Amino acid sequence: MDSSQNVIAGVGLADRPRKSRWPARMDFAQSASGLALGLFMWGHMFFVSTILLSKDAMWAVTKFFEGYFILGTAYPVVVSGVVAGVLALVVLHAFLAMRKFPANYRQYRAFTGHRALMDHGDTTLWWVQFLTGFALFFLAAVHLYQMLMHPGDIGPYGSADRVWSGRWWPIYLVMLFAVELHGGIGLYRLCVKWGWFEGKDPAASRRRLKAAKWLLTAFFLALGLATLGAYMKIGYEHRDRVGERYTPSWVLPDPKEKAQ
Amino acid sequence: MKIVYTDVLVIGGGLAGLRLAIGAKRRGHEALILSLVPAKRSHSKAAQGGMQASLGNVAKGQGDNEDVHFEDTVRGSDWGADQEVVRMFVNTSPKAVRELAAWGVPWSRVRKGDRQVVINGQKVTITERDEAHGTVAQRDFGGTKKWRTCYVADATGHAMITAVADQAIADSIPVHERKEALALIHDGGRCLGAVVRDLTTGEILAYVAKATAIATGGAGRLYRSTTNAVICEGMGHAIAMETGMAALGNMEAVQFHPTAIFPAGILVTEGCRGDGGLLKDASGHRFMPDYEPEKKELASRDVVSRRMEEHIKKGNGVKSRFGEHLWLDITLLGEHHIRHNLREVWDICHYFLGVDPVKDLIAVRPAQHYTMGGVRTKPTGESPTLKGLFSAGEAACWDMHGFNRLGGNSVAETVVAGMIVGEFIADFCDRPENAATVPIGLVEEFVEREKAKLEAIVNRRGGEDPSALKLEMQDLMTSLVGIFRTGPELERAVDGLQKLLARSRNVGVKSSAPGPNPELVTAYRVQRMLKLALTIAYGASVRTESRGAHFRSDYPRRNDAEWLKRTLATWKSDADTLPTLDYEPLDVKRMELPPGWRGYGAKDYIDHPDTPARAAEVEAAKAAAADRFALQQALMPYDQLLPSVLRGRNERIDEPF
Amino acid sequence: MADANAPRKLTFKILRYNPRLPGDKPRLQSYELEESAGMTLFIALNEIRDRQDASLAFDFVCRAGICGSCAMMIDGRPGLACRTLTKNLGAEVTLAPLPVFELVADLSVDTGKWMRGMSERLETWVHAKQGEIDLRRIEERMDPDLAEEIFELDRCIECGCCVAGCGTARMREDFVGAVGLNKIARFRLDPRDTRTDEDFYELVGDDDGVFGCMSLLGCHDVCPKQLPLQTQIAFLRRKMLKQGLA
């Protein structure tokens with residue numbers, strides 16, 4: 001039958017203008033920036049939480065990032081550079097993620113209604129991600145601007161003073177939850193979005209990923225709360241000497257010994 | 001009045017209608033499909049087990065060819081089929097499978113090497129040939145000598161209609177969904193289109209066409225217990241009959257499927273038995289070999305269904321709160337087979353019965369399944385009595401099924417008839433003398449008539465309740481016009497249905513709200529359904545013999561001497577309460593396979609006087625013929641009946657070109 | 001005291017609205033029904049229509065879970081009504097039509113029109129090789145496993161549950177939905193379709209296509225046929241990204 005063959009490959013496709021490659025690039029950039037930020041946040045949390053080990057440890061980490069152990073002198077401007085990079089990533093990520101936000105009231109109503117009705121885990125998680133992401137527009141921007149402009153204020157006392165005497169702790173508390181939820185959900189979503197760690201049984205892998213996501217979120221929240229508490233405590237104790245920089249214990253004689 | 005014009009108006013968006021429209025469109029004619037539902041939701045989708053085509057790829061199908069398929073089909077029909085049409089069908093079916101393969105149907109394929117199957121309750125190892133690897137696979141079905149049923153797991157109809165409906169979209173064929181044809185427009189000799197109701201808005205429109213095709217499927221919903229979808233109410237049959245000219249053939253031939261789940265009536269495929277499943281009774285005894293030692297569970301459907309009911313009547317049924325049933329046991333097929341090749345069956349058991357067929361038995365009992373009867377057509381698919389009206393698929397009595405259809409032959413018929421009739425309908429449209437001149441006044445007259453009927457129903461307060469009438473009809477049909485029929489019961493059925501028909505003329509609805517108005521739909525359909533029910537019951541009461549699915553306990557023998565003929569029913573006037581029956585004899589002298597024993601079921605029958613002479617002729621021809629093709633040509637040439645593009649032999653691994 | 005074996009009284013709260021009836025407003029209407037053994041929503045709704053309210057509109061065709069006509073919101077989630085047993089639901093059941101699709105009336109929506117539009121847009125058919133197939137010759141061979149893989153994705157019944165369950169589709173009406181993406185994945189897998197990833201990119205390489213998906217997985221979790229939508233959309237996203245970055 002010759003009549004059965006009048007549909008051939010690419011019918012109608014050849015005449016169209018080629019579709020833009022930007023949606024692919026943007027989707028990739030959103031995921032990549034999200035992955036980078038997510039991993040950065042975990043690293044960041046580990047670095048700041050070194051205060052739980054000791055002030056010295058935290059001081060060492062700070063100085064490491066300022067190039068002290070390589071260059072022999074601390075250059076806080078290196079931190080500014082990193083912060084500028086992170087800020088750029090945040091702006092990029094936010095810009096790309098905005099494409100997915102409800103664009104008007106109708107869409108907003110449609111989604112909230114849908115979420116409430118469906119009562120579906122991953123849908124609700126996206127809404128959490130949307131809300132926390134929205135909050136981070138402001139919280140992250142403020143925090144990063146501060147770090148960008150005052151990179152030298154990072155340290156066991158500098159940070160603690162900012163948290164306590166600078167009254168940054170409320171914003172850090174909110175940001176901790178926003179970041180950990182947003183990042184945790186985001187990293188889980190990246191896995192299901194791109195099919196990472198799917199294995200032979202995607203349903204089981206998804207359950208495991210989700211469990212891992214909650215465990216990690218709980219872990220980082222606990223770590224974050226403990227860390228914030230530690231800074232608050234140090235900041236409180238240090239409230240009378242705001243502005244004083246920490247000197248590592250191996251440089252100064254042990255304060256306890258001195259007191260004796 | 002809104003009028004839509006097209007060349008070919010296809011009523012029904014199932015496989016037959018879609019394939020027919022594609023054929024007409026590819027020949028350069030505008031085709032338009034009317035469908036009650038989105039095309040892919042049509043009842044064609046429910047075909048589970050597969051489609052028969054004698055490809056002979058699998059080891060157990062080796063040696064299969066058109067001749068074997070032909071004989072199986074004719075025996076299955078209990079010699080009621082038109083043998084020339086059966087020949088056209090069996091020769092085109094392999095081409096249909098191959099066309100569908102090219103269109104994307106993911107046919108299950110042969111895997112070379114050893115595999116374990118279950119045959120007659122025993123595990124057997126079959127070795128598939130290397131050269132068959134990757135070709136379309138076949139499974140066993142009832143009433144067949146070879147494994148011939150090509151399948152896509154147990155969702156064959158689903159995969160087929162998905163591919164064919166997508167081809168129709170590729171060919172830009174419009175499908176007007178949620179539209180119902182209420183009447184055919186005709187001038188007393190030529191069909192010119194249809195009056196149509198929009199089921200969303202309630203609006204009445206006219207569709208005018210050179211050729212109109214009815215491909216509306218079956219009428220299972222005349223019965224209470226049926227495997228058919230709820231849309232299978234026979235409206236295509238009815239509007240054809242209401243022209244007073246087109247005839248319905250063999251409406252009393254109604255098939256009951258042995259394995260409908262009990263009590264919901266949902267089908268589980270014959271593939272369950274084809275793949276090795278067994279029927280068991282209350283005591284766990286496999287009873288079919290007692291009745292049918294040759295074919296056992298895999299005798300034809302009419303025979304198996306009767307044996308099951310017979311066995312229940314003897315007191316061997318499983319008693320439940322809904323009534324009695326039997327068991328289908330597929331546990332011996334194993335989990336892997338069920339989860340891969342019978343996954344639809346697993347789903348149905350899981351969702352509707354709450355059982356796991358991997359380890360549990362399935363409650364089954366026969367239920368209405370297929371309407372062999374339909375709009376009588378010539379081999380071209382055109383009505384011999386109303387020019388321009390065509391029909392294909394279950395809605396038609398083309399007549400390849402006679403009094404009993406073989407499993408796997410229906411979904412095959414839809415596409416094969418679609419291919420063949422699609423070509424003939426294009427030929428019809430090509431001929432200049434068939435250019436339609438449509439008097440607008442005539443169209444208006446038909447539209448106004450239908451509008452008036454609907455308005456009468458809508459404006460009638462306190463009339464008969466349509467759904468109550470429908471239930472009464474369904475109960476009458478199931479209890480009195482079922483698997484076993486007797487004269488007195490059929491007379492009671494005819495009498496009861498006539499009373500219902502009279503009452504249906506006084507049917508009313510409670511709501512006159514615009515829009516879909518489901519009650520109004522039931523109301524106008526029940527009037528037509530009753531006419532069909534009467535056609536079945538009356539035809540059955542007159543036919544004093546047993547043939548195929550039509551079984552008269554009071555006339556248990558097939559009587560070729562008196563009844564080797566096709567029933568033709570027409571409804572002459574709206575005031576009538578019975579159809580007018582005529583009979584069209586089948587000519588034994590031209591049969592390639594003269595009547596005889598089917599190879600299963602009852603062995604005694606009354607011969608036609610011409611049979612012995614014809615049988616002797618056939619035997620002589622067999623001795624003289626050089627090969628099977630020459631023999632066939634000598635006995636009953638049919639090639640000239642096929643559209644030229646569909647002629648020609650079919651290549652097989654064992655019959656290379 | 002209530003007999004433990006006595007049938008439950010079920011209350012169905014059904015969203016009623018006939019857009020063609022002037023002045024009609026969407027409202028929840030309650031119907032009471034005694035539960036029977038093996039009762040599905042198909043049985044329950046027909047009983048309501050036959051005995052209580054003949055004007056109630058809904059769609060059933062196969063009533064066996066294979067045609068996809070009867071998808072509706074059952075207690076807030078999309079599902080096939082015909083194969084939903086009432087015994088798996090509470091005594092109060094809320095039924096509403098699927099969102100996104102055009103409402104016909106009450107529980108009936110026009111999924112057909114949406115699906116046809118999707119099919120036309122994504123060209124959901126095999127774009128075969130040029131040249132005629134000789135139907136008399138043995139069919140082209142295909143690996144049995146590949147045939148089964150294609151069938152796995154071909155099982156979609158276009159019921160619309162995935163679209164109704166998708167937050168993205170709810171917000172953006174031009175989104176192709178999981179049904180569309182699954183179809184592209186299906187044809188991509190099919191060696192009979194000659195289209196390349198470059199062709200497929202033209203169809204789904206944007207924010208109305210695969211890059212619009214936010215991976216909420218509502219589709220995957222409500223699909224009545226348990227299609228591997230999560231895996232397929234992820235796979236397609238990777239392939240389309242590769243095409244986009246090439």
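Chain identifiers are assigned alphabetically (A, B, ...) following the order of the sequence lines, protein sequences preceding nucleic acid strands; residue numbering begins at 1 within each chain. Source: prediction; values computed, not measured.
- If you measure heavy-atom distances from A:Arg206 to chain C, the contacts under 4.5 Å come from the side chain alone.
- For C:Ala164, the part lying near chain A is the backbone, with the side chain staying farther off; criterion is any non-hydrogen pair under 4.5 Å.
- With C:Thr196 as the fixed residue, the side-chain contact (heavy atoms from CB on, under 4.5 Å) test singles out one of C:Asp193, C:Asp199, C:Thr194: C:Asp199.
- A distance of 6.0 Å or more separates the ring centres of A:Tyr172 and A:Trp169.
- Note: C:Met171 leads C:Arg238, C:Arg77, C:Met171 in heavy-atom pairs under 4.5 Å with chain A.
- Ranked by non-hydrogen atom pairs under 4.5 Å with chain A, the options C:Ile233, C:Leu216, C:Asp206, C:Asp75 are led by C:Leu216.
- We find that C:Glu158 and C:Lys183 are joined by a salt bridge, their nearest charged nitrogen and carboxylate oxygen being less than 4.0 Å apart.
- If you measure heavy-atom distances from C:Met214 to chain A, the contacts under 4.5 Å come from both the backbone and the side chain.
- In this structure, the portion of A:Phe101 lying under 4.5 Å from any heavy atom of chain C is its backbone and not its side chain.
- Of all the listed residues (C:Gln243, C:Met73, C:Met240, C:Arg136), the one sharing the greatest number of non-hydrogen pairs under 4.5 Å with chain A is C:Gln243.
- Neither the backbone nor the side chain of C:Phe235 comes within contact range of chain A, judged by heavy atoms closer than 4.5 Å.
- Contacts between C:Val210 and chain A at a heavy-atom distance below 4.5 Å are absent for every atom of the residue.
- A:Phe134 CZ: 12 or fewer foreign heavy atoms inside a 6.0 Å radius.
- The cationic group of A:Arg21 lies under 6.0 Å from the six-membered ring centre of C:Tyr201 and within 45° of the ring axis, placing it in a cation-pi geometry.
- In this structure, chain C has no heavy atom under 4.5 Å from any part of A:Arg115.
- Per-residue counts of heavy-atom pairs under 4.5 Å with chain C were compared for A:Val192, A:Asp119, A:Thr124, A:Asp27; the largest is that of A:Asp27.
- For A:Trp22, the CH2 atom is loosely surrounded, since the number of other residues' heavy atoms within 6.0 Å does not exceed 12.
- The minimum heavy-atom distance between C:Gln232 and C:Ala185, with the atom names listed, is OE1-CB, 3.4 Å.
- Here A:Trp126 is the residue among A:Trp126, A:Tyr108, A:Trp127 with the most heavy-atom pairs under 4.5 Å with chain C.
- A cation-pi arrangement, defined by a distance under 6.0 Å to the six-membered ring centre and an angle within 45 degrees of its axis, is present between C:Arg195 and C:Phe187.
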